[in-house]
Amino acid sequence: YFNAFRSTLNHPNIHAPEGYSKYIDPESWVDHHLLNVFLANLDAFSLSAYLFKDQNGRIEQGPLWDFDRTAESDDHQDDNPNRWGMGNSREFFGRSWFSLLFRDPGFWQLYIDRWQMWRDTVFSTENVERLLQQYEETLAEGASRAPFPELRPRTQSPYFNHQLDGTFAGEFNNLKRWIRERARFIENNFVSRAEVLLHGKVLGQTAGAIVHPATKLTLRPATQEFFD
């Protein structure tokens with residue numbers, strides 16, 4: 001099964017009936033990759049990687065785990081949110097089978113589509129910071145009793161201004177800042193969504209919107225900025 005899947009990557013095409021989509025669930029692979037890239041997981045796609053396959057199902061990525069070296073940890077290879085690779089050849093798009101899947105424009109399109117979909121929901125700044133606030137409140141009592149130096153808040157970091165205040169609240173604020181900057185970096189490297197117009201007005205992203213047959217829609221490309 002794995003050999004048959006690998007053979008499809010010689011000419012990857014997400015729409016081919018006998019292509020890789022027959023053997024893997026592309027959305028699972030994209031979502032797995034996106035979350036690891038979003039948080040700059042240094043171990044992603046080479047260490048701590050798992051797959052599963054339900055009976056009569058396709059290969060899926062997961063479960064997710066091992067996120068200790070992510071999102072501006074004390075490893076320092078993940079300090080900079082404004083680059084794809086994370087030092088020491090930690091290049092997320094050139095590893096294992098993903099290096100071949102990303103040769104397919106269809107896989108790339110699905111990747112961007114899924115990012116934009118999740119960015120409106122679970123990856124939104126509001127949702128991420130709400131989760132972080134919940135984690136901060138849950139950990140607050142135990143944090144004051146951290147018994148080992150490596151578990152205590154930092155006073156400096158290569159990211160941002162090189163200074164932290166030595167508190168857990170400061171660590172969470174630093175993490176929120178890093179994630180906001182990381183999301184902006186990813187968004188700025190992807191083409192924005194085209195606008196859908198109905199009767200000259202932008203339809204937007206209204207969930208459950210119904211467009212009747214024979215309705216005339218207009219697609220307007222997103223505005224792009226070019227620099228000399």
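In this chain, numbering begins with 1 at the start of the sequence shown.
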Using side-chain heavy atoms (C-beta onward) and a distance below 4.5 Å, is Trp84 in contact with Ile186? yes
Is the closest side-chain heavy-atom distance between Glu60 and Lys53 below 4.5 Å? no
Non-hydrogen atoms of Gly57 and Tyr1 that approach each other most closely: O-OH, 3.7 Å
Taking the side chain from Glu171 and the backbone from Arg154, do they hold a donor-acceptor pair closer than 3.5 Å? yes
What one should report as the nearest heavy-atom pair of Ala4 and Ser7 is O-OG, 2.7 Å
side-chain hydrogen bond (donor to acceptor under 3.5 Å, both in side chains) assessment of Asp120 paired with Gln116: CA-CA 6 Å; Asp120 285 341; Gln116 292 173 342; over 6 Å; no
Any chance you could measure Arg95, atom CZ, to Ser46, atom OG, to the nearest 0.5 Å? 4.0 Å
Test question: given the 4.5 Å side-chain rule for I, L, V, M, F, W and Y, name all other residues clustered with Ile210, or answer none. none
Would you check if there is a donor-acceptor pair between the side chains of Tyr20 and Asn13 at a distance under 3.5 Å? no
Which residues share a salt bridge (charged side-chain N to carboxylate O under 4.0 Å, His left out) with Glu141, sequence neighbours left out: Arg145
Could you check if a side-chain atom of Val128 sits within less than 4.5 angstrom of a side-chain atom of Val122, using non-hydrogen atoms only? no
Set out, in order, the CA-CA distance, both residues' side-chain angles and the distance that settles side-chain hydrogen bond (donor to acceptor under 3.5 Å, both in side chains) for Thr125 and Arg119, then state yes or no. CA-CA 8 Å; Thr125 299; Arg119 184 67 174 135; 3.3 Å; yes
Under 4.5 Å between side-chain heavy atoms, counting indirect links through other Ile/Leu/Val/Met/Phe/Trp/Tyr residues: same cluster for Leu64 and Phe52 or not? no
Can you tell me how far CH2 of Trp178 sits from CD of Glu72, rounded to the nearest 0.5 angstrom? 8.5 Å
Given side chains that start at C-beta, do those of Tyr23 and Arg58 come closer than 4.5 Å, heavy atoms only? no
Could you pull out the closest heavy-atom pair between Tyr50 and Pro63, with the gap in Å? CB-CD, 3.8 Å
Do Trp97 and Phe45 have their ring centres less than 6.0 Å from each other? no
Quick one: pull up CG in Asn82 and CZ in Arg184 and give me the separation to the nearest 0.5 Å. 8.0 Å
By ring pair (Phe, Tyr, Trp, His ring centres under 6.0 Å), Tyr135 pairs with (sequence neighbours left out) none
Near Gln156 CD, under 6.0 Å, is it more than 12 heavy atoms from other residues, nucleotides or ligands? no
Measure from the side-chain N and O atoms of Ser48 to the backbone N and O of Asp66, and report whether any donor-acceptor pair falls under 3.5 Å. no
Could you measure the distance from the CZ atom of Phe123 to the CD1 atom of Ile179? Nearest 0.5 Å is fine. 10.0 Å
Can you find a heavy atom in the side chain of Leu217 that is under 4.5 Å from one in the side chain of Leu197? no
Does the side chain to side chain contact (heavy atoms under 4.5 Å, CB included) test come out yes or no for Lys216 and Leu198, once each step is laid out? CA-CA 7 Å; Lys216 184 178 180 181; Leu198 177 63; over 6 Å; no
Treating Ser21 as the side-chain partner and Pro17 as the backbone partner, does any N or O pair qualify as donor plus acceptor under 3.5 Å? no
Can the ring centres of Trp118 and Phe38 be said to be less than 6.0 Å apart? no
I'd like to check Phe2 versus Ile59 (side-chain heavy atoms, cut-off strictly below 4.5 Å). Are they in contact? yes
Phe67 vs Leu39, test: side chain to side chain contact (heavy atoms under 4.5 Å, CB included). Steps then yes/no. CA-CA 8 Å; Phe67 277 71; Leu39 297 181; 4.0 Å; yes
Would you say Val202 ends up clustered with Val211 if hydrophobic residues are merged whenever their side chains have heavy atoms under 4.5 Å apart, either directly or through other cluster members? no
Restricting to ring pair (Phe, Tyr, Trp, His ring centres under 6.0 Å), what partner residues turn up for Phe102, sequence neighbours left out? His33, Phe93, Phe107, Trp108, Tyr111
Strictly by modelled atom types, are Thr8 and Glu18 linked by a side-chain donor-acceptor pair under 3.5 Å? no
Let me see the working for Thr70 and Asn41 under side-chain hydrogen bond (donor to acceptor under 3.5 Å, both in side chains), right down to the final yes or no. CA-CA 5 Å; Thr70 62; Asn41 185 359; 5.9 Å; no
Hey, mind stepping through Arg182 and Asn80 against side chain to side chain contact (heavy atoms under 4.5 Å, CB included) and telling me if it holds? CA-CA 9 Å; Arg182 182 66 169 168; Asn80 187 351; over 6 Å; no
Check against side chain to side chain contact (heavy atoms under 4.5 Å, CB included), Phe92 and Phe98: CA-CA 8 Å; Phe92 295 126; Phe98 282 108; over 6 Å; no
When you check the gap from the basic side-chain N to the acidic O, do Arg114 and Asp31 get nearer than 4.0 Å? yes
Run the salt bridge (charged side-chain N to carboxylate O under 4.0 Å, His left out) test on Arg69 and Asp43 for me, step by step, so that the C-alpha distance in whole Å, both residues' side-chain angles and the decisive distance to 0.1 Å come before the verdict. CA-CA 7 Å; Arg69 298 197 299 161; Asp43 292 335; 2.4 Å; yes
Who pairs with Arg180 by salt bridge (charged side-chain N to carboxylate O under 4.0 Å, His left out), at least two apart in sequence or on another chain? Glu129
Do Leu110 and Ile14 make a side-chain contact, defined as non-hydrogen atoms from C-beta onward lying under 4.5 Å apart? yes
Is Trp65 linked to Trp29 within one hydrophobic cluster, defined over Ile, Leu, Val, Met, Phe, Trp and Tyr using a side-chain heavy-atom separation of less than 4.5 Å? no
Does the Asn174 side chain pair with the main chain of Gly170, one donor and one acceptor, at a distance under 3.5 Å? no
All side chain to side chain donor-acceptor pair (under 3.5 Å) counterparts of Asp165, not counting sequence neighbours: Thr167
Quick check: closest heavy atoms across Asp79 and Ser73, and the distance to 0.1 Å? OD1-O, 3.8 Å
Test ring pair (Phe, Tyr, Trp, His ring centres under 6.0 Å) applied to Trp115 and Phe185, step by step: CA-CA 12 Å; Trp115 163 260; Phe185 167 76; over 10 Å; no
Heavy atoms only: give me the nearest Pro12-Arg103 pair and the separation to one decimal. CG-CB, 4.2 Å
Stepwise side-chain hydrogen bond (donor to acceptor under 3.5 Å, both in side chains) check, Arg130 with Asn127: CA-CA 5 Å; Arg130 179 184 59 80; Asn127 187 62; 2.6 Å; yes
Taken to the nearest 0.5 Å, the spacing of Leu51 CG from His32 NE2 works out to 8.0 Å
With heavy-atom distances below 4.5 Å as the criterion, would you say the side chains of Lys176 and Gln133 are in contact? yes
